[in-house]
2 protein chains.
Amino acid sequence: VHRTKVRVVEGVLDANDTIAQANRADFDRAGVCVVNLMSAPGAGKTTLLERVLGGLGVRAGVLEGDVQGSLDADRLAALHVPVIQLNTDPGFGGECHLDANMVRSALGAMPLADIDLLVVENVGNLVCPAEFRIGEDARVMVSSVTEGEDKPLKYPLMFRQCDLVLVNKIDLLAHLDYDLDLFLHHLDAVHPGVPRMLVSARTGEGVGAWRDWLLERVAERARTAAPA
Amino acid sequence: VHRTKVRVVEGVLDANDTIAQANRADFDRAGVCVVNLMSAPGAGKTTLLERVLGGLGVRAGVLEGDVQGSLDADRLAALHVPVIQLNTDPGFGGECHLDANMVRSALGAMPLADIDLLVVENVGNLVCPAEFRIGEDARVMVSSVTEGEDKPLKYPLMFRQCDLVLVNKIDLLAHLDYDLDLFLHHLDAVHPGVPRMLVSARTGEGVGAWRDWLLERVAERARTAAPA
């Protein structure tokens with residue numbers, strides 16, 4: 001059973017890359033910068049988006065991935081940005097990640113020509129979302145300090161494949177037995193030098209840097225797309 | 001791609017149930033009570049085990065599921081209980097759950113005849129572990145208050161299929177914008193009346209009830225297995 005399953009999933013990953021390239025072509029045509037936002041459940045992805053999307057200064061849209069429900073999409077729609085909810089629950093218990101095809105199925109409903117930035121909020125999971133490219137420009141992951149210092153060692157693929165790590169909930173550091181230096185040591189062990197930001201979605205600490213990082217990615221994308 | 005994948009996974013689930021029954025038969029023969037312990041990454045499964053396994057009064061063993069590494073197994077081995085590490089990382093990025101066959105592959109190394117309780121600590125994930133039975137007597141999930149009140153609505157299968165919910169990290173309640181009543185309301189919406197305990201692995205609050213629950217399950221299993 002196990003070997004068969006791995007072989008099937010490798011086939012799925014090949015097919016996924018092909019569809020991710022088609023997504024990428026659509027994003028290029030529309031000049032949209034796409035960020036794939038990932039984390040464990042409850043790490044604060046939606047709140048970190050709420051903190052920056054209002055008054056961002058560029059036109060943003062959000063694709064919300066969840067097994068079921070539209071709680072996060074409803075929260076973000078209040079910011080008056082286009083939000084598409086993508087539920088991964090068509091079959092048995094629900095897919096634990098977004099793949100390129102799921103994203104593709106939602107793009108028809110997203111006004112790509114009217115936005116500069118598309119944030120795809122993935123399903124809360126530190127394993128499978130890291131395996132499926134969706135045609136994104138960058139991958140951002142959120143790691144909450146409440147999850148412990150060992151997470152880079154336990155979920156190395158996720159920490160290795162991301163372009164930015166947001167270390168969230170730092171307002172709680174005084175109340176935890178959490179060794180931030182040890183976490184950063186583990187992070188550098190699996191992804192040496194990956195950019196990281198200490199933030200608190202609750203207090204707003206550090207979210208200015210996160211906002212600036214997003215704006216810089218949009219600007220970089222516009223520069224790359226411009227004719228020479 | 002999506003439809004094909006769902007069909008394949010349904011076939012895998014049928015095969016999984018067959019192997020889960022074989023595991024169950026082995027557990028019955030050895031008179032072992034088996035608990036499948038699940039949660040999101042960093043919710044406190046290992047620390048909650050550390051709190052109760054030392055001096056439990058029954059002979060316990062642990063099967064540790066992780067994508068990679070043996071950090072948790074090393075912690076639990078310090079309690080002088082038999083611990084088997086099961087890494088799910090043989091292929092691409094690592095399986096996001098334990099299934100019956102993975103558990104079966106580890107049973108040869110676990111001295112079932114010498115233990116009364118086997119705790120299987122699953123991979124940190126709120127989606128797929130809920131879909132794969134492993135032959136367990138009971139499923140316990142840990143939900144940390146730092147993850148927010150909305151998790152039962154977003155991951156309903158996990159909350160619906162468990163026999164006990166440990167609401168962990170309650171020592172942090174004073175520092176969070178977390179509405180415990182709202183969480184319990186959501187919990188009852190997806191799994192009315194499921195047993196729940198408020199605990200803090202850090203301070204030890206509530207862990208006595210968790211220990212008693214485990215002992216009661218072991219005693220119940222012994223009563224059921226005894227000849228009439």
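Quick note: numbers below take in every heavy atom, side chains included, and nothing from hydrogens, waters or symmetry partners. Numbered from 1 within each chain, the chains take letters A, B, ... in sequence-line order.
- Counting heavy atoms from C-beta outward, A/L157 and B/Q68 have side chains that stay 4.5 Å or more apart.
- For residues 41-51 of chain A, heavy-atom neighbours of chain B at less than 4.5 Å comprise A/P41, A/G42, sorted by residue number.
- Only the side chain of B/L71 comes within contact range of chain A, judged by heavy atoms closer than 4.5 Å.
- Proximity to chain B at a heavy-atom threshold of 4.5 Å picks out A/T146, A/E147, A/D150, A/K151 from residues 144-151 of chain A, in numerical order.
- Using a 4.5 Å heavy-atom threshold, the side chains of B/K154 and A/D72 count as touching.
- At a heavy-atom cut-off of under 4.5 Å, chain B is reached by A/R202 from residues 193-207 of chain A, listed in order of number.
- For the set B/S105, B/P156, B/G69, the entry with the most heavy-atom pairs within less than 4.5 Å of chain A is B/P156.
- Only the side chain of A/L172 comes within less than 4.5 Å of a heavy atom in chain B; its backbone stays farther off.
- Residue pairs satisfying the ring-ring contact (aromatic ring centres under 6.0 Å, His included) criterion with at least one member in residues 141-180 of chain B, sequence neighbours excluded, are listed as follows: A/H175-B/H175.
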